[in-house]
Amino acid sequence: DWEITFAETGVETNTGGRIKRAARYLGDAPTFLATYVDGLADLDLHALLAFHREHGKIATLTSVNPLSQFGLLDLDADATVRRFVEKPRLEAWINGGFFVFERAILESISKDGDLERDTLAALAQRGELKAYRHKGFWTCMDTYKDTLNLNQLWESDRAPWQVWP
């Protein structure tokens with residue numbers, strides 16, 4: 001029972017402005033999902049939506065705990081390398097780019113607004129933003145190298161984001 005609408009919002013439009021311009025396709029839906037579209041995850045959308053409904057805030061973002069892009073060095077005080085840690089999982093959580101919003105968010109988004117710097121930052125200050133911690137597979141496709149790696153996973157039938165039968 002999912003409906004996906006792809007809406008042309010303009011090449012130069014900021015992330016918040018894109019949501020604002022796509023609002024006309026929401027009908028009277030009180031709650032809607034959005035994504036940046038450059039991330040892939042084995043995200044359970046039903047669990048994400050249930051989490052959002054339980055806390056009652058205006059917005060939920062999916063936070064992920066990514067692997068480091070680089071191997072890390074463990075150095076002692078005189079710069080001797082004690083060990084090399086190959087691309088560990090970072091301790092920090094980042095915005096994974098999958099969202100659940102209540103319609104009320106549209107009042108907080110300006111026509112050309114930036115979703116992160118303007119809207120989400122303001123919601124966080126007001127205590128209206130929650131993070132759903134996704135601990136499964138997540139990656140972004142920001143570079144040509146990412147595209148090659150993800151296409152290779154798909155073609156080898158090892159795509160962890162394919163959660164449908």
Side-chain angles (χ1 to χ4, degrees), residues 1-69 89-147 149-151 153-154 159-165:
D1 292 337
W2 294 90
E3 182 178 324
I4 299 172
T5 301
F6 295 91
E8 174 60 45
T9 57
V11 175
E12 300 296 322
T13 308
N14 281 325
T15 50
R18 290 179 187 274
I19 290 172
K20 188 78 164 187
R21 291 178 184 185
R24 66 184 171 160
Y25 299 105
L26 296 175
D28 60 355
T31 305
F32 62 98
L33 284 74
T35 181
Y36 292 138
V37 188
D38 63 350
L40 288 170
D42 60 353
L43 180 62
D44 182 338
L45 294 177
H46 296 287
L48 172 63
L49 191 55
F51 173 83
H52 175 77
R53 288 182 172 147
E54 286 171 10
H55 66 64
K57 304 292 183 183
I58 292 174
T60 299
L61 64 78
T62 300
S63 61
V64 295
N65 186 231
L67 294 174
S68 172
Q69 182 179 344
R89 186 154 307 278
L90 299 175
E91 291 182 24
W93 290 84
I94 67 167
N95 177 358
F98 296 93
F99 307 93
V100 182
F101 296 131
E102 291 303 311
R103 190 176 201 86
I105 197 170
L106 298 171
E107 298 166 16
S108 302
I109 301 174
S110 67
K111 182 177 89 169
D112 296 314
D114 183 283
L115 182 65
E116 303 79 16
R117 287 185 205 98
D118 301 334
T119 308
L120 296 180
L123 290 175
Q125 282 187 329
R126 295 192 335 241
E128 285 292 335
L129 177 65
K130 290 286 226 179
Y132 176 80
R133 292 184 183 193
H134 175 63
K135 296 181 180 177
F137 174 82
W138 176 89
T139 191
C140 58
M141 189 168 58
D142 290 338
T143 67
Y144 180 65
K145 180 181 174 185
D146 295 336
T147 303
N149 290 338
L150 292 168
N151 281 331
L153 279 174
W154 180 259
W161 62 87
Q162 184 181 350
V163 296
W164 60 91

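The figures that follow rest on heavy atoms only: side chains count, while hydrogens, waters and symmetry mates do not.
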Rounded distance (nearest 0.5 Å) linking atom CD of Glu12 with atom CZ of Arg18: 8.5 Å
Do any pairs count as a side-chain hydrogen bond (donor to acceptor under 3.5 Å, both in side chains) and have a residue in residues 112-126, sequence neighbours left out, and if so which ones? Thr15-Glu116, Arg21-Asp112, Tyr36-Glu116, Asp114-Arg117
Using a 6.0 Å cut-off, check whether atom CZ of Arg24 has over 12 heavy atoms from anything other than its own residue. no
Tell me if a side-chain donor or acceptor on Lys20 pairs with a main-chain N or O of Leu106 at a distance below 3.5 Å. yes
Quick one: does any side-chain atom of Thr35 pair with a main-chain N or O of Phe98 as donor and acceptor, under 3.5 Å? no
Quick one: are Phe101 and Leu123 in side-chain contact, heavy atoms under 4.5 Å? no
Working to the nearest 0.5 Å, report the span between CG of Leu153 and OG1 of Thr139. 9.0 Å
Going by heavy atoms in the side chains, are Phe99 and Leu120 under 4.5 Å from each other? yes
If we only count heavy atoms from C-beta on, is the Phe51 to Val100 side-chain gap below 4.5 Å? no
Approximate separation, where rounding is to 0.5 Å, of Leu48 CG and Tyr132 OH: 6.5 Å
Are any non-hydrogen side-chain atoms of Asp38 and Asp146 less than 4.5 angstrom apart? no
Rounded to the nearest 0.5 Å, what separation is found between the CG atom of Leu43 and the NZ atom of Lys135? 14.0 Å
Answer whether the closest heavy-atom distance between the side chains of Ile58 and Leu129 falls below 4.5 Å. no
Checking Glu54 side chain against Gly56 main chain: does a donor-acceptor pair fall under 3.5 Å? no
Could you state the interatomic distance from CG (Leu33) to CG (Leu45), rounded to the nearest 0.5 Å? 6.0 Å
Under 3.5 Å, side chain of Thr31 to main-chain N/O of Glu102, donor-acceptor pair present? no
When you measure from the side chain of Asn65 to the backbone of Leu90, do you find a donor-acceptor pair of N or O atoms at a distance under 3.5 Å? yes
Indicate yes or no: at least one non-hydrogen side-chain atom of Ile105 is less than 4.5 angstrom from one of Phe32. yes
Can you see which heavy atom on Ala92 is nearest to which on Pro66, and at what distance? O-CD, 3.9 Å
Might you point out which heavy atoms bring Trp138 and Gly96 nearest each other, and give the distance in Å? NE1-O, 3.1 Å
Can you see which heavy atom on Asn95 is nearest to which on Gly97, and at what distance? OD1-N, 2.8 Å
Shortest non-hydrogen contact from Ala41 toward His134: CB-NE2, 4.1 Å
Between Gly113 and Asn14 the two heavy atoms that sit nearest each other are O-CB, 3.1 Å
Check Asp44 against His46 and note the closest heavy-atom contact, atom names and distance. OD1-N, 3.0 Å
